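Structure first, commentary second.
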Amino acid sequence: QVQLVDSGGGLVQAGESLRLSCVASGDTFRDYAVGWFRQAPGNQREFVAAISQNMFGRDYSDSVKGRFTVYRDNFKNTVYLQMNRLKPEDTAVYYCHADRGPLSTVLSGAGTYWGQGTQVTVSS
């Protein structure tokens, strides 16, 4: 099994950037598809972005496409979410999500492992 630690959140102004990190330990991280989800107060957790084990498969929600980029460094056991041109509606707790299965499992949020979350707040 794998343990996930999310970090990199913070308070920024609209238009600025943040980079989130998801660091894994305990297993061979390159065998895991990894995704990012977010949850704003009063809302359900929603999919943001995901990347496959071999990095060739990537997917984004329509709300972040063109602004966010997901990538991974398997030597560092880390997946990143680069968030540019942030908007107030991006404010949420962001969670890393991983599974040994196919990318589709992570896209649906049905995988096994979750990070503890990191708060992103974007002021207008």
Side-chain angles (χ1 to χ4, degrees):
Q1 63 182 41
V2 68
Q3 294 77 44
L4 305 175
V5 177
D6 309 327
S7 65
L11 172 62
V12 297
Q13 293 188 332
E16 295 184 339
S17 299
L18 279 174
R19 188 180 73 166
L20 306 184
S21 299
C22 172
V23 179
S25 61
D27 201 352
T28 307
F29 195 43
R30 64 177 178 270
D31 294 339
Y32 288 76
V34 181
W36 287 95
F37 285 71
R38 67 187 181 187
Q39 187 168 19
N43 291 354
Q44 290 187 334
R45 193 171 294 188
E46 64 174 4
F47 167 75
V48 176
I51 187 167
S52 64
Q53 289 87 333
N54 63 11
M55 307 185 207
F56 293 138
R58 304 187 196 200
D59 204 357
Y60 299 91
S61 68
D62 288 342
S63 62
V64 308
K65 201 170 293 184
R67 299 188 298 123
F68 291 11
T69 303
V70 60
Y71 61 102
R72 66 191 299 162
D73 183 339
N74 286 335
F75 293 105
K76 295 183 178 180
N77 288 346
T78 303
V79 169
Y80 302 95
L81 183 67
Q82 178 66 44
M83 306 186 296
N84 297 330
R85 303 197 307 277
L86 282 160
K87 304 176 181 180
E89 51 263 45
D90 294 318
T91 296
V93 178
Y94 284 70
Y95 298 90
C96 178
H97 177 47
D99 195 87
R100 276 182 164 270
L103 185 61
S104 58
T105 300
V106 169
L107 290 175
S108 66
T112 305
Y113 304 102
W114 291 89
Q116 83 287 358
T118 185
Q119 175 71 48
V120 172
T121 303
V122 184
S123 63
S124 57

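From a predicted model like this one, the values you see are computed outputs, not experimental measurements.
- Annotation: side chain of F68 is not in contact with side chain of S61 (no heavy-atom distance under 4.5 Å).
- Ring geometry, H97 versus W114: the interplanar angle falls under 30°, so the pair is classed parallel (tilted spans 30 to 60°).
- V64 places none of its side-chain heavy atoms less than 4.5 Å from the side chain of M83.
- Shown here is R58, whose CZ atom has more than 12 heavy atoms of other residues, nucleotides or ligands within 6.0 Å.
- Proximity of a side-chain donor or acceptor of Q116 to a complementary backbone N or O of D6 within less than 3.5 Å is detected.
- Checked by atom type and distance alone, the side chain of E16 never pairs as donor or acceptor with a backbone atom of V122 at under 3.5 Å.
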**Request:** Before giving the answer on salt bridge (charged side-chain N to carboxylate O under 4.0 Å, His left out), spell out for D90 and K87 the whole-Å C-alpha distance, their side-chain angles and the decisive distance to 0.1 Å.
**Result:** CA-CA 5 Å; D90 294 318; K87 304 176 181 180; over 6 Å; no
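- If you look at Y80 and Y71, their ring centroids are closer than 6.0 Å.
- Side chain of R85 to main chain of G66: a donor-acceptor pair is present (N/O by atom type, distance under 3.5 Å, no hydrogens or angles).
- The backbone N or O of D31 sits less than 3.5 Å from a side-chain atom of Q53, completing a donor-acceptor pair.
- At a threshold of 4.5 Å between non-hydrogen side-chain atoms, the residues V79 and F29 count as touching.
- In this structure, R72 contributes its side chain and A33 its backbone to no donor-acceptor pair below 3.5 Å.
- Taking 4.5 Å as the limit, every side-chain heavy atom of Q13 sits out of range of all side-chain heavy atoms of L86.
- Side-chain atoms of S21 and K76, non-hydrogen and from C-beta on, never get closer than 4.5 Å to each other.
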